[in-house]
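These notes are about the structure you will find just below.
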There are 2 protein chains.
Amino acid sequence: MMTLTEENYLKALHRLSQTEEAITVKRIALQLGIKMPTVTSMVKNLAGKKFIRYEKYKAIQLTEKGRRQALLILRKHRLTELFLKDVMGLGWEEVHDIAEQIEHIQSDRFFNRIDEMLGHPKFDPHGEPIPDADGKLPFFKAFPLSGCEAGKKYKLTGVLDHDASFLTYLNTLGLTLGSTIEVMTLHGFDRSMEVLLNGKVRTVFSFTICQHLLVI
Amino acid sequence: MMTLTEENYLKALHRLSQTEEAITVKRIALQLGIKMPTVTSMVKNLAGKKFIRYEKYKAIQLTEKGRRQALLILRKHRLTELFLKDVMGLGWEEVHDIAEQIEHIQSDRFFNRIDEMLGHPKFDPHGEPIPDADGKLPFFKAFPLSGCEAGKKYKLTGVLDHDASFLTYLNTLGLTLGSTIEVMTLHGFDRSMEVLLNGKVRTVFSFTICQHLLVI
DNA sequence: TAAATTTGTTAGATTAATCTAACTTTTTAA
DNA sequence: TTAAAAAGTTAGATTAATCTAACAAATTTA
């Protein structure tokens, strides 16, 4: 049985493994808001349990066992978010913090029932793919709005920032998953862009915002 | 902010306060399945936080603050049980262990939404009264079947044992809340009784079983 | 390439929750 | 009413997760 803290480390490790950069003690510490020595000792613990590969001063890697475990927690998190939104009627900006707690509940019955009630969904309320019961991820082809061309029309399929403040901002613009985003003008100097949302609302997105919006 | 362990102590304390017997270190230790010295130290901690009154070698008492806190946890537990049964379709024998975990979730939004979806219910799936958001309990007049008379007919309104094995046994008899129980014969020697359930099933209840069935 | 900076590790302390062993107080019963 | 039993406390150890201070290795940069 894993502790709650171990589960949170695995989740963080998985998130960090999704970028190009190597997984370092520093990055884990930043991600979790704790100090490096704490990470060093936990990393030794997780290595002892074969969730990660670790050698002093080297980059850290999830093992297959660790990756699988992380994806099963992610599955519980994302199923919970969708349940909170679609069954319980909460907003997409408030589901993350609650799911963060419920994902640690130990009960297959509970999560399988959620999965059934939602009809075995493939994506959560932020457009993130939900791993299946075996820890396998569905194929996923969206890319960030920051890599888009002027004059084209896209569909919002996901967001990479799950903070309530960001999502509440999107709410005020009437932006939800499935909304259209037409890129009007690209500004090279700060990489911001002028956009038309749902054919109605006209505004400017900073580069940071564009990086956090996934479209197809 | 209370720790999970402190919350579990308060719940245990509240349960123990509902019988005649004084709350002792021994009873708390038995209730929680831990050793007495552990209880002594936690009891000092809870007294420091004004949840209980404690003097060495004396009986322990919940303060008003402690009682209120315990009832708020109980509220979350019982709302969750009803939600798991009525919204998620789980059986009354499997909801307790899951609710035991969910009751520690910190989110007013979550539990208020559950309360709303259930229409502000007054009783959980085991017939236990649900404290309101202020920690007040609804009036409750049921009594155990063990105190009943032969030849009379009663309605099952609650159970005092929430173990899956006990509830599964009731399931096999077709007993649910609202079922009728007619007491046919009382046996003085072992205080067991012959009963007729829902006018159909005839069986014998041991004294222990009768103590765990609440009726009106 | 050597010095400075950044990153990582070790050692040792702290807190919460638990334990066992030893001792003390209270209660029961001979 | 005192001796035995039960209940309770204290002292000290353990584990998980965290910290700070000090040191060591790796990387960057002048």
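To find a chain, count down the sequence lines: A is the first, B the second, and so on, and within it residues start at 1.
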- Task: Can you check each nucleotide of nucleotides 1-9 of chain C against protein heavy atoms at under 4.0 Å and return B for base, S for sugar-phosphate only, - for none, in 5' to 3' order?
- Result: ------SBB

- Message: Do the side chains of Lys26(B) and Glu21(B) get close enough for a salt bridge, i.e. N-O under 4.0 angstrom?
- Response: no

- Side chains of Leu214(A) and Leu160(A): closer than 4.5 Å at any heavy-atom pair? yes

- Note on the structure: All heavy atoms of Phe205(A) vs all of Leu173(A), minimum pair found to be CE2-CD1, 3.8 Å

- How many Å lie between CD1 on Ile34(B) and P on dA17(C), as a whole number? 11 Å

- Message: Output the rounded distance in Å from NZ (Lys35(A)) to C1' (dT14(C)).
- Response: 16 Å

- Task: Considering non-hydrogen atoms only, spot the tightest contact between Pro131(B) and Pro129(B) and give its length.
- Result: CD-O, 3.6 Å

- Message: Taking Arg78(B) first and then Glu81(B), would you say they form a salt bridge - that is, a charged N and a carboxylate O separated by under 4.0 Å?
- Response: no

- Query: For Arg15(B), does the CZ atom have more than 12 heavy-atom neighbours from other residues, nucleotides or ligands under 6.0 Å away?
  - Reply: no

- Glu20(A) atom CD: more than 12 heavy-atom contacts under 6.0 Å: no

- Task: Find the distance Leu32(A):CG to dC19(D):C1' and express it as a whole number of Å.
- Result: 15 Å

- Would you indicate whether Lys65(B), at its atom NZ, is surrounded by more than 12 heavy atoms from other residues, nucleotides or ligands within a distance under 6.0 Å? yes

- Item | Proximity to DNA chain C (any heavy atom under 4.0 Å), residues of residues 2-14 of chain A only | none

